[in-house]
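Down below is the structure, laid out as structure tokens.
Atoms within each ligand, like the ligands themselves, are counted from 1 in listed order.
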Amino acid sequence: MRGHFITFEGGEGSGKTSVIEYLKDYFTDLGHNVVVTREPGGIEIAEQIRDIILSKENTAMDELTEAYLFAASRRQHLVERVIPELEKGSMVLCDRFVDSSIVYQGYARGIGMGKVFDINKVVIGDFMPDLTLFFDVKPEIGLKRIMDNSRNMNRLDLEKVNFHGKVYDGYIKLMEKYPSRIKAVNAERDIEEVKLETIKIVEDFLNDLK
Ligand code: TYD
């Protein structure tokens, strides 16, 4: 049986990465074969592309170049990692996927959501996540979190506050477009509550398949 492809989306500082690790342990204990991966990256070639995209040196990067590099990284990760795992029946938990490009490059950078989706259709075809969780955190709160954690900031983190506001608005628009696939999690709360809500959404999704 084909596995499940579940993706995690949100702005900076949404806490999704730690929740993904928690979900991995939870569903592994229940007997699932769980694979955690991320975009851009997840495998060697895609990690190399990631370094180019996120390097703070690359301030001259054109927005379409950026969109195509994300798509190239996505293609390699999909064929080398995601699809083979799904064919083995794994539950693949992926930190970001095509929705990030539609929102960051399409909406926040202004290329156009439809245009970026079209660029990505070339690399993903009809392949879409089975379920997407949007970690809903207002940009002011998310950005404060990453400053407080003194995380190493990458080229996209360093964008102006206005850009992160657009990212948030872009996700809201996308959720309105795909209400059955994308579920919002209120991620402004305590991390333990966020974990519980996320598990409930994934469990409901799995139960609906039965
Ligand atoms: P990362 O450090 O992985 O961020 P996060 O922990 O927030 O997921 O950096 C990835 C950055 O790349 C993040 O700012 C979102 C951005 N991004 C895009 O702009 N487009 C994309 O298609 C993807 C996958 C990520």
R50 to ligand 1, any heavy atom closer than 4.0 Å: yes

Just distances here: any N/O of R96 and N/O of ligand 1 closer than 3.5 Å? yes

Heavy-atom pair of closest approach, residues G11 and V167: CA-CG1, 4.3 Å

Presence of salt bridge, K200 and D204, under 4.0 angstrom: yes

Side chain, backbone, both or neither: N154 near ligand 1, heavy atoms under 4.0 Å: side chain

Under 3.5 Å: N/O of T17 near N/O of ligand 1: no

Ionic contact status for R155 with E66, cut-off 4.0 Å: yes

Please check this pair: side chain of R50 against backbone of G41, looking for a donor-acceptor N/O pair closer than 3.5 Å. no

Honestly, for R155 the part within reach of ligand 1 (heavy atoms, under 4.0 Å) is neither

Between R38 and E47, is there a salt bridge with N-O shorter than 4.0 Å? yes

Answer with side chain, backbone, both or neither: which part of E66 has a heavy atom less than 4.0 angstrom from an atom of ligand 1? neither

Does any N or O atom in E39 lie less than 3.5 angstrom from one in ligand 1, N or O only? no

